[in-house]
Amino acid sequence: MSSESNGNGVESSHVKIPQIKFTKLFINGEFVESLSGKTFETIDPRTGEVIAKISEGDKEDIDLAVKAARQAFDHGPWPRLPGSERRKIMLKFADLIDENVEEIAALDTIDGGKLYHFGKIVEIPSAAENFRYYAGAADKIHGATLKMSRELQAYTLLEPIGVVGHIIPWNFPSQMFVMKVGPTLAAGCTMVVKPAEQTPLSALYYAHLAKLAGLPDGVLNVVTGYGRTAGAAISSHMDIDKVSFTGSTEVGRLVMQAAALSNLKPVSLELGGKSPFIVFDDVDVDKIASLALQGTFYNKGEICVAGSRVFVQEGIYDKFLIKLVEKTKAWVVGDPFDPNVHQGPQVDKNQYERILKFIEIGKKEGATLLAGGKLSNRKGYYIEPTIFTDVSDDMTIAKEEIFGPVMSVLKFKSVEEVIKRANATKYGLAAGIMTNDLNIANRVSRSIRAGVIWINCYFAFDKDLPYGGYKMSGFGRDMGLESLNMYLQVKSVATPIYNSPWL
Amino acid sequence: MTGESNGNLESCFKIPEIKFTKLFINGEFVNSISGKTFESIDSRTEEVIANISEGDKEDVDLAVQVARQAFDNGPWPRLPGSERRNIMLKFADLIDENLEEMAALDTLDAANLYSFGKAVQIHSGAELIRYYAGAADKVHGETLKMSRDLHGYTLVEPIGVVGHIIPWNFPTQMFVMKVGPALAAGCTMVVKPAEQTPLSALYFAYLAKQAGVPDGVINVVTGFGPSVGAAISSHMDIDMVSFTGSTVTGHKVMEAAATSNLKVVSLELGGKSPFIVFNDADVDTIAPLALTACLFNQGQICVAGSRLFVQEGIYDKFLNKLLEEVAKWVVGDPFDPNVHQGPQIDKKQYDKVLSYIEHGKREGATLLTGGKPLDRKGYYIEPTIFTDVTDDMTIAKDEIFGPVMSVMKFKSIEEVIKRANKTKYGLAAGIMTNDMNIANTVSRSLKAGTIWINCYFAFDNDLAVGGYKSSGFGKDMGMDAFHKYFQLKSIATPIYNSPWL
């Protein structure tokens, strides 16, 4: 049984829950109510109670935001500034994030159940650093001059794509915001951001900081609201030049469909996963068992790259299970403000109920419940870290993305076998390969159809490492310089040359 | 006649106190081992500004020792690029905070125009540091597709301890152009500023320390070329030397590198760049540009457009406009905001320029204007224009590095391409025409590393500059300069049963 923290809020009483300063839409540099005047509630998953009422945007608000973004793009300064000027403003934005790190971390904790101390020390500063990374790219955007096969002078110009729509999810409100906004700003585009309805708070705070940093009005617009209304309005808008979506595969389909039916705007999708975490016989069981635990339970399992299918080679299978159970006992579930807690509540009632249903299905389909699986007896959307063994590849819990703290452990014999089984999924987001054998590492990393491969590590993210999926986990890359390309379009220019000494 | 300014400005303007006069080694300001000093001269008055520590071989040895320690065992090369970036951003901020003092140092020391330094040059130095800061966290090698079952890739690694030998004409620009990319790459270095202009380099060293650059990463050894410079070029434990200066010295640097440890060399040397004006150019806008191209910074700029080729159709009109413009060209105290041209850097340069002017007269070129030193203290020379210059005259072939322009007439495109290329140099060129085909043909035909079409001195942080032929090799500015401070390691290992190559 895993540990629970009483969450008597010994720590939370020392952490000041921030006053919610920004609850309205941010359009053209101003915080405004939605045209309908409607609001929706954002809930604290620790208690199920309402934190604040947030303006609920709909199609008309998106139209307004797009108008402002279009004006800012076509006529405003942002796309035409030297990259070094955009860089300067983005660096200021990053500094402002660092100056407000505690307040922002607290917002993400009450909005999304995120671990507060981890947010304060790692996640929010990392978001600032992400802005700094892209700031330093803004003044180095290079096309190419080319050698033609006849007397033509030719080159490519990289131009900002235009007005971008970002639909971002609730699992990492800060990371998702900067991962999208960073490269878009550096490229000189303008945008409309729709944060998830579960986690609108930090996005609106960032909008406020952006204005303080000197970002011109209309460049960044934030419209809070629901997917079916505000999100759909973005995907199908005739004057948005590109849409980026991170979220579930089923909604990803809807976004792409809408883009196709409207104006054929380019789409990038970062969707679900059922990533294999593959453990070979030669590993240090103690170290890798800890990593495997992180691989599934980190951020309460609400992470697209979760290594939720743990394949363990038969030679160390029993030893590995013992270690897993031992480490799960030390895994603390409780109030995310408590620095001793490893896992906070699931983000909302929907997710909570969905995960519990998967756990029931797992039991019904005959998997063995090794740990967890029971309801936590406390207020809020808390679920025990749960491990199923004797899982077969065709079980629901082995195929569907659960997006919760539920691990499936599967046994395998050979390299060939595990490659086949790891690839037998519609998803292709990430994979973990745990081995010290050079040839196994090379062979398996090249054979798995996934966009991010972690060898002897997991969740090894980096600002300079592109990240994204294969197959139905989506297409397009976030992070790294690759992501800049998503917000630029390539113009080829050719003109004849006469009497040139060479081609 | 050109305008002169009395330059009685010191009373309105505070000459900064000279705070840093010693060598900067391992994070400390120290006397040279010999205890010797040399004088840094104010070329406006020919008087001594300060006594600066004079380094020699032993001091270079010490500096290299600490740079080596910092590179092999210190944090700098092993830091994440983002941390080098953050320290460099702080460095840039400190430069901006001390803008006026730094501009004044360069004016005192190098006679750079003060108002230009304050408004443009020093901040531009800070911006270049910021440019390279943003490259530090994006250093990419490549993975490659081999033609058989091999996994191949390149790792990009900082080259090591770098020696920078920098000239006196733009002390700030030269310092940041070299130190910026080398720092970002994770290298450590020994910088020898020119003996004529040691002041701002020492100030930068101080600011770098304030910014958090670890001890030993940047070392500054002031002194002379034949001692300090030579010690750097021939040092057995310096991995790379970058030199900007005269072609004559460039030869020596490369030779020393060859006879010592085969260290990598990059050279940015002299030029005799053609400024070519075609018949369709707008005389009113191009004539002032031609003047600036030759006279900027007292002509002490390697990319100076010192050979002005004017097509015969507009030749007379152009000369008239030149004369008109040069009459407005004010020579005087570089602290005076109304002045365009200050004194030459020192007596040696001053004498050299005057001797070239005499050559020009003797060889039969027509002196259109100028040709004399100013009748005042300081190394001031009138802006000088020679016409009827033939390609074989000394003033048409040698780099003068002073405010002396040679004007030549031409007929056709083919002719001017040939004549423009007929030089051992190949640094820059200017092409003034609105005809697209002329622009394309000529820009592709000139053997020079930096071509300016309808502009001149159009520098940019992202635009690499450097020479062809005897103007050197290797680039400064842009990402090409960044790549100089790395070496490439190729790695290959067999792969078995890979689904693809």
Side-chain angles (χ1 to χ4, degrees), chain A residues 82-88 90-92 94-95 98 125-126 128-142 145 151-153 186 415-416 419 423 437-449 462-466 480-482 484 495-503, chain B residues 80-86 88-90 92-93 96 123-124 126-140 143 149-151 184 413-414 417 421 435-447 460-464 478-480 482 493-501:
Chain A
S84 55
E85 297 283 313
R86 287 199 293 278
R87 173 191 73 211
K88 193 160 158 199
M90 290 177 71
L91 288 178
K92 179 79 185 145
D95 286 346
D98 277 336
S126 164
E129 285 283 278
N130 212 351
F131 266 136
R132 291 190 181 100
Y133 175 89
Y134 286 110
D139 57 353
K140 304 175 179 65
I141 295 177
H142 297 169
T145 61
E151 285 192 273
L152 275 183
Q153 164 148 291
V415 174
E416 304 315 313
I419 288 173
N423 279 336
D437 184 299
L438 181 63
N439 295 316
I440 292 179
N442 279 338
R443 164 132 179 71
V444 180
S445 58
R446 280 157 166 272
S447 303
I448 300 220
R449 304 284 294 154
D462 195 281
K463 311 290 175 294
D464 200 27
L465 185 68
L481 290 180
E482 297 287 325
L484 257 188
T495 180
I497 37 173
Y498 303 100
N499 306 316
S500 171
W502 19 62
L503 291 173
Chain B
S82 55
E83 290 188 35
R84 286 198 293 278
R85 174 194 73 210
N86 290 342
M88 289 176 72
L89 288 178
K90 178 83 185 141
D93 285 346
D96 275 335
H123 176 64
S124 157
E127 286 284 279
L128 192 58
I129 300 284
R130 290 186 180 104
Y131 175 87
Y132 287 111
D137 57 354
K138 304 172 179 65
V139 178
H140 296 170
T143 62
D149 278 331
L150 276 182
H151 175 50
I413 300 173
E414 285 66 43
I417 288 172
N421 278 339
D435 183 302
M436 193 166 68
N437 294 319
I438 293 178
N440 280 337
T441 298
V442 180
S443 58
R444 282 158 165 270
S445 303
L446 291 179
K447 295 198 169 69
D460 193 281
N461 292 339
D462 201 25
L463 185 69
M479 292 301 284
D480 290 276
F482 191 46
T493 181
I495 38 173
Y496 302 100
N497 305 318
S498 171
W500 16 67
L501 293 172

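Letters A, B, ... are given to chains in the order of the sequence lines, protein chains preceding strands, and every chain is numbered from 1.
Interatomic distance, B/Ile495 CD1 to A/Asn439 CG, rounded to the nearest 0.5 Å: 10.5 Å. The distance from atom CG of B/Leu89 to atom CZ of A/Arg87, rounded to the nearest 0.5 Å, is 8.0 Å. Residue B/Ile438 holds its CD1 atom at 13.5 Å from OH of A/Tyr498, rounded to the nearest 0.5 Å. Expressed to the nearest 0.5 Å, how far OH of A/Tyr133 lies from NZ of B/Lys138 amounts to 5.5 Å. Here the CG atom belonging to A/Leu438 is positioned 9.0 Å from the NE2 atom belonging to B/His151, to the nearest 0.5 angstrom.
Within the 4.5 Å cutoff, side-chain heavy atoms of A/His142 are placed close to those of B/Asp462. Put simply, the side chain of B/Asp137 does not reach to within 4.5 Å of the side chain of A/Arg132, judged on heavy atoms. Taking the side chain as every heavy atom from C-beta outward, A/Asp464 and B/Val139 never approach each other to under 4.5 Å.
With A/Arg446 contributing its side chain and B/Leu501 its backbone, the two residues share a donor-acceptor pair below 3.5 Å. No donor-acceptor distance shorter than 3.5 angstrom exists from the side chain of A/Lys463 to the backbone of B/Ser82, with no hydrogens or angles considered. When atom types are taken as modelled, the side chain of A/Lys140 and the backbone of B/Tyr131 share a donor-acceptor pair closer than 3.5 angstrom. In this structure a side-chain-to-backbone donor-acceptor pair under 3.5 Å is present from B/Arg444 to A/Trp502.
Of the atoms belonging to A/Pro82, not a single heavy atom falls under 4.5 Å from chain B. There is no contact between A/Ser445 and chain B, counting heavy-atom distances below 4.5 Å. With a 4.5 Å cut-off on non-hydrogen atoms, B/Thr493 touches chain A through its side chain but not through its backbone. If you measure heavy-atom distances from A/Ala137 to chain B, the contacts under 4.5 Å come from both the backbone and the side chain. Heavy-atom distances place both the backbone and the side chain of A/Asp139 under 4.5 Å from chain B. For a residue to count as touching a neighbouring chain, one of its non-hydrogen atoms must lie under 4.5 Å from one of that chain's; by this rule B/Asp460 does not touch chain A.
Not counting sequence neighbours, the partners of A/Ala441 by the side-chain contact (heavy atoms from CB on, under 4.5 Å) test are A/Thr435, A/Ile455. A search for side-chain contact (heavy atoms from CB on, under 4.5 Å) contacts involving B/Ser124 returns B/Gln173, not counting sequence neighbours.
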Next item on the list: Evaluate side-chain contact (heavy atoms from CB on, under 4.5 Å) for A/Glu129 paired with B/Arg85, printing each intermediate quantity in order.
Entry: CA-CA 11 Å; A/Glu129 285 283 278; B/Arg85 174 194 73 210; 3.0 Å; yes
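The two atoms that bring B/Thr441 and A/Asn499 nearest to each other are CG2-O, 3.3 Å, heavy atoms only.
A salt bridge does not link A/Lys88 to B/Glu127: none of the charged nitrogens lies less than 4.0 Å from a carboxylate oxygen.
Of the residues considered (A/Thr495, A/Asp462, A/Leu481, A/Leu91), A/Leu481 shows the highest number of contacts with chain B, using heavy-atom pairs under 4.5 Å. Put simply, of B/His140, B/Met479, B/Met436, the one with the most heavy-atom pairs under 4.5 Å next to chain A is B/His140.
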